[in-house]
Structures are given as structure tokens and as C-alpha cells.
Protein chains: 2
Amino acid sequence: MAARQRRTTIAEVAAHAGVSPATVSRVMNGRFVGEESVAERVRASAQTLDYSPSPLARGLALGTTRTVAFVVPDLANPAFQAVLSSLSKSAARSGYRVLVADSVETPSDELAIATEIRRRCDAIVLCAPRMPDAQLAEAIENLAPIVLINRPGTGHGAAMLSIDYHAGVHQLAEHLYALGHRRLVYVAGPTTSASDGYRRRGLKAFLAGHEDVTLETLPGGVSVDDGRAVAEAVRGSGATAALAFNDLVAIGLIHGLGELGVSVPGDVSVTGFDDIPYARYNSPALTTASVPHEELGVQAWDRMDTLVGGGEPGHSVLFQPRLEVRASTAPPR
Amino acid sequence: MAARQRRTTIAEVAAHAGVSPATVSRVMNGRFVGEESVAERVRASAQTLDYSPSPLARGLALGTTRTVAFVVPDLANPAFQAVLSSLSKSAARSGYRVLVADSVETPSDELAIATEIRRRCDAIVLCAPRMPDAQLAEAIENLAPIVLINRPGTGHGAAMLSIDYHAGVHQLAEHLYALGHRRLVYVAGPTTSASDGYRRRGLKAFLAGHEDVTLETLPGGVSVDDGRAVAEAVRGSGATAALAFNDLVAIGLIHGLGELGVSVPGDVSVTGFDDIPYARYNSPALTTASVPHEELGVQAWDRMDTLVGGGEPGHSVLFQPRLEVRASTAPPR
DNA sequence: ACCTTGCGAGAAAGCGGTTTCTCGCGGCAC
DNA sequence: GTGCCGCGAGAAACCGCTTTCTCGCAAGGT
């Protein structure tokens, strides 16, 4: 490897141009008010020496890094990837970069990870579904400016962008009900996950309005493999339709059922949640609740931007999922 | 929003513990050799004041940020997401974070983006398929330590991790040939993309060994939409099999053909490239060249780690794709 | 001719750490 | 009793940049 670069410093440029570092700084930042010839000389020196200010030193002096953190449970999840991709693009337009981290290997460290990464930047977009409400409320103060994702109702002066899981799962259940299904099974997510809680409550509300429906809940997970693993239990449940925690689980479940010779939607209907890009290309195409992940990223940046500028968090928003009926659901046999 | 936090500084801890900042620094970094009681007092003060050193200030003093950049053409591409996810996990184990950026909105700025983001951190993992060889060679020096992805052969003292597109596409073509296909069409990627060049050369090499095969090349792209858009042209080509630039294009193409009433693999066989997680769940499941993206991320970190430690870039590695035969290919009618 | 203004630009003090250099002090050898 | 050594810990320089403070100097007013 080539010897590590030693970048030219502002002092060198100053010496080269025969001015003080202060002047170079002013010229570089457009705050220079003196003679144009001096500015020109500084610019020429900077050019010649291939100078560009150290973001680190600037950050220290200015107290701002032009970087924001993005922390989610699992970067491998396409839903979060969609948010990240759009957040990164939005931030880039304002000259900000995004620092990423996930807590998949150590769920209990959500707070520690967020705290650590937050110190490296100006603000944080956090999705911490497993952090207890009380702990989160306390953490918000230290993490601010912060945009919280998927924690509807947690309040406490943070900007909040969430998905109405309750409504989404309700819609899915209504859809299945309308098709004629009366025995449902819910393939749950992580039991400690807040968003799983909202789904459960949504289903409970649905059940309250439909006395003729029975619902069984099966422990599931968040990944394709989790879905595949629960296929046998779903078949054993005798249900005619399964609501999966998310699209990944649904896809895994469908293929797991396929391996057991159970056809979808012939024998069992299956629904997902998220509408990841591949939901529509799955075989059969997945009926799901569509979540506007890109919009979430864009809005997250907007909030972030106003917060960093010293603005208020603004109102919480609860994105309404849109029922996306595809081929994985059909009337029961 | 709550007033912006003012973190406690090392000076405050020093004052509180009745020692000098130097001592606090030494204690915090385990370089303290004096009386244990002093260290204990410092630790207690740090605890009380909830002190943690500013990574920014540390970075400036130490000349290291414990951050690496990850720059790719498009963060929305699942292939890159897989690499990022695994890179981030690997880096995290060593206490490093990953800063991301993509150049999808301004392909010509690949170099500018890489240069800018590189200054914020210690090293960079770069995938810049559209950057001219000469420009890249020149840039490497400024960007080092750098791990280059998908630029086999570019050398110049950078660590290089690549996919053997040439071999991969060759395998796919051989597979189609073995099935009996003689009229092929290649749905190309961006013409300025280096990896598209390797694929073209791979196909040319294949053709040289099979005089009875005709190959047409169609302009395509990189996304599902690009694949869908080219469906009509593929049908019009009269070919019995199509090799798509990547899995996304293949998936789009398959569904585009479906809309035109052309069945896959009944009427036309289709292959992809990458083996993204959804390739196997597509309908029909996609025959493709499987690329070890997670492994790429892990290895990228390994290289990075040794480079940052002052080590040598090591040998270039060319990952061999594995032919993954699924349901999207079959003998021609 | 003298005192203000005002402007252009440098000196220096941070930002929050790390690290080299220095120094006081107690213990040991002679 | 004196000199030297070593240890513990503080003073100060430094990382690279920003910004307030300061100052010299030329212009303008009386």
C-alpha cells in the first residue's frame, strides 16, 4: 500500500499564498470581504496544493458533522433498505451523509448502539422496535435531534414517523374475511417487538367485530427462514388463511407450504406486510399491506433537516398501509 | 425540540476529579500507570458526569475516525445491499461504522462523491463501474486505503475483490447451449459499465467456441423496469433464450414477457445474474449465476482492516459465480 | 493638522481530545 | 548527608479549522 497520504493543511495554503490561515478559511467559506486579488491568490494556492478542508477539523470547530445516523434492527431487511436508500438520497441533496448500523446480532444493545453512533454525527433516524417504552423515552433526550420510526405514540418530543400496523393488519383480515375465511392463523414476529404488538392489537380489534372468526397465533420471526420453519405448524393449525408478520415471512411460509404439498392460495391463503419490491414477483404474487418506505425515508430527512436547523419535531405521522390484493389469497376451498 | 445537548468535556471530568485532563485521557484509554486510587477517582467522576470522549475530537487528535465509506452506483440494488449489510456487520465487530453513498442520480460524479466521502473516514470500499480505467488508476492513490469492488484487473496497488462476470456469463450461455438453444439475446446493462464489458467479452468468447450460435444484443439497463421495457424487443428478436444483465432485469423481463403472453421458460428461457435473495422465489424461479455477496462484504472488511493497519492490499480475488439452475430455463420448443 | 471611522487582514483563543515533555518528590546507593 | 534515579502526574504543544478580537492604516470630517 502506498504510504498514507498527508493532506495539505490550511496553514500550508496560507504560507503558500502569503496570508494568514484565517484569511484562507474565510475565502474557502465565502466569508471573505477584502481585496479580490487576495482571494484570487488564496484560491490559486488552494488549487495548486490540491487543498480541501478537513471535515473532521471543521466538524470539531463548527460543532456539526453533516452526517446523520440510521439505525435499524436489520440492514438485510428489504423494507429498511428501501428507507435507507431514499434517506441517503435525500440527505445527499443537502450535502449530508448517512452512517449506518444494525442491531441484529445484539438486540439488547439497541440503545448502546444508538448512543454510540449518535455521538459521531448530528442526528439520528432510529428504528428500535424492541426497546422498552420507558427506556426509549429516557433515551430520546440524549439522542435528540432524533426521528423515530415505527414507534407510534411514543411521543416525548421526538419526530415520529410510523406505519399504522393496526389498520394494515385489520385491512388484511377484513380482506380474508370477505373472501370467506373464518379460521385464521397469525404468524407472529418477535414477541418483544413493538410492531408485533400493534399487529396483535389490530387482530384483536378485528376479532371483536367478527364473532365467527377464530384466530390462532404461532411464534414466527422476521425472515424467510422463519417463515419456512413455521409452515408445518400452519398446516397443522387447520386454518384456511395465514397472516404473516411481514413479506419475508410470508414468502418463506408460502414456499415452505409448497414443499409440504400445500398449495397457496388453493389450500391456504397467505398475506404479508410491507410490500417489498419482490412481493409482486413472488409465486404466487403476494397479497400484502403496502407501506411507503421511500416516502418514509424522504420524510425522515425532512424532519431531520428541520430539527438540525433548530426547528420543532412537528406532528407525528401515521402512514396508512394500502391493501394490495394479489394472487396469494383466494376464497377457501 | 429540547435544547441541544452540551456534552461534558474531558476538562470538566478532570476538574471534578481534581486531576489534569491528561490523566483523564490516560485513564479512559487504559494508558494510566499511576496510583489506582487516582484512576478510580477519575472513573467515578466520568461515571457521575456521564462522560464519554468526543469521537470527533479524538478523531482529530488520533488521525483516525473508525469509519469506512461504502460507495456504490445504487443502494437500491439488492446485490449491493447484501454487500453493505455484511460489510457493516463485519466492521461493527471491530468497532467501525460504515458511511454510505450512491451515485445513481449523478453517475458522472462517482469520483467526486468517493473523494468527498473518503475525507470523512479512514478508508473506502468503492464500486465504480462507470469510472474510466485511467481516471480510476489515478484516483486510487488519493483514495487509499481502498478496496475496489468489481473492477477486476485494474490493479495499481488497491485491494481488489471482483466477480468473474466473464466466467459467469459463459457458464450461463453453456447451460443454455446444452439445453439446445442456438439463438440467444443478451439484454445488456449500461454500456459505460465495466461489468457489462466483461459480460460482453464472456459472451464473445462463448460464441467463438460455438459457431452455430447467433447472439443479438439489446440495450437494457439495471432495473426491473428496464427489463420489463425490453420484453417486446426480446420477443421480436426471435431468440429462444435471453441472458439478462442481472437478476432485476431478468425478473422484469420475465414479467414483461408474461404480459405479452410469452411464457417463460415455455417460449423463451431467461437467465439472470447475481442470485439476489428473491431470484429463487420468482415465478418461475430464476436460473442465474450466483454471486457470494455476503462473502464479498466480509472479505472487503478483512482487506480494509489490514490496509488500515498498514498492511499490504494482498492479492486480487476473483470470485467465481456458481451456476444456479432453476425453472426459468428449459429446452426450446 | 488632528481625531474619528472603517476596512482589510492577522493574532490568538477556542473546539475536545492525545501525547510529549517536564518536573517535583521519595527512595536508594555511596 | 548528598547525588541520582525513577515514578507519578501536570503543563503545554498539537491535530486542522473557525471566529472573535485586535490592530494598523488610509480616508474623511472639522
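Lettering of chains follows the sequences in order, A, B, ..., and the numbering in each one begins at 1. The shown structure was predicted, so the numbers you read here are calculated from the model rather than taken from an experiment.
Of the candidates dT18(D), dA9(C), dG17(C), dT18(D) carries the atom nearest the Ile10(A) side chain, counting heavy atoms from C-beta on. Across dC17(D), dA12(D), dA11(C), the shortest atom-to-atom separation from the side chain of Arg58(A) is found for dC17(D). Closest approach to the Val19(A) side chain among dA9(C), dG10(C), dG17(C) is made by dG10(C) (side chain taken as heavy atoms from C-beta onward). Minimum atom distance to the side chain of Ala22(A) is reached by dA12(C), of the listed dA12(C), dA9(C), dG16(C). Between dT18(D), dA9(C), dA9(D), one nucleotide has an atom nearer to the side chain of Val38(B) than all others, and that is dA9(D). Closest to the side chain of Ala61(A), out of dG10(C), dG14(C), dA9(D), is dG14(C).
Side-chain atoms of Asp305(A) do not come within 3.5 Å of backbone N or O of Trp301(A) as any donor-acceptor pair. The backbone N or O of Ala57(A) sits less than 3.5 Å from a side-chain atom of Ser54(A), completing a donor-acceptor pair.
Applying the 4.0 Å criterion to OP1 and OP2 of dA9(D), one finds that Ser20(B) has every side-chain N and O outside that range. Side-chain N/O atoms of Ser25(A) include none lying less than 4.0 angstrom from OP1 or OP2 on dC17(D).
Across all strands, Val24(A) comes closer than 4.0 Å to no nucleic acid atom at all (heavy-atom distances).
Side-chain to base pairing of Arg26(A) with dG8(C): no donor and acceptor N or O lie closer than 3.5 Å to each other.
Comparing Thr23(B) and Ala57(B) along DNA chain D, the residue whose closest nucleotide (by nearest heavy atom) sits nearer the 5' end is Thr23(B).
Taking atom CD of Glu35(B) as the reference point, atom C1' of dC25(C) lies 13 Å away to the nearest angstrom. Atom P of nucleotide dC15(D) and atom CD of Glu12(A) are separated by 10 Å, given to the nearest angstrom. Remark: C1' of dT20(C) and CZ of Arg31(B) are 13 Å apart, rounded to the nearest angstrom. Atom C1' of nucleotide dT18(C) and atom CG of Leu62(B) are separated by 7 Å, given to the nearest angstrom. One can place CG of Leu56(A) at 14 Å from C1' of dT18(D), the figure rounded to the nearest angstrom. For the pair Leu60(B) CG and dG14(C) P, the computed distance is 17 Å after rounding to whole Å. Distance Tyr51(A) OH to dC17(D) P: 3 Å, rounded to the nearest Å. Between the CE atom of Met28(A) and the C1' atom of dT19(D) there is a distance of 17 Å, rounded to whole Å.
A salt bridge links Arg130(B) and Glu110(B); the closest N-O separation between the charged side-chain nitrogens and carboxylate oxygens is under 4.0 Å.
A donor-acceptor contact closer than 3.5 angstrom links the side chains of Asp122(B) and Thr64(B).
Atom CD of Glu36(A) is surrounded by more than 12 heavy atoms from other residues, nucleotides or ligands within 6.0 Å.
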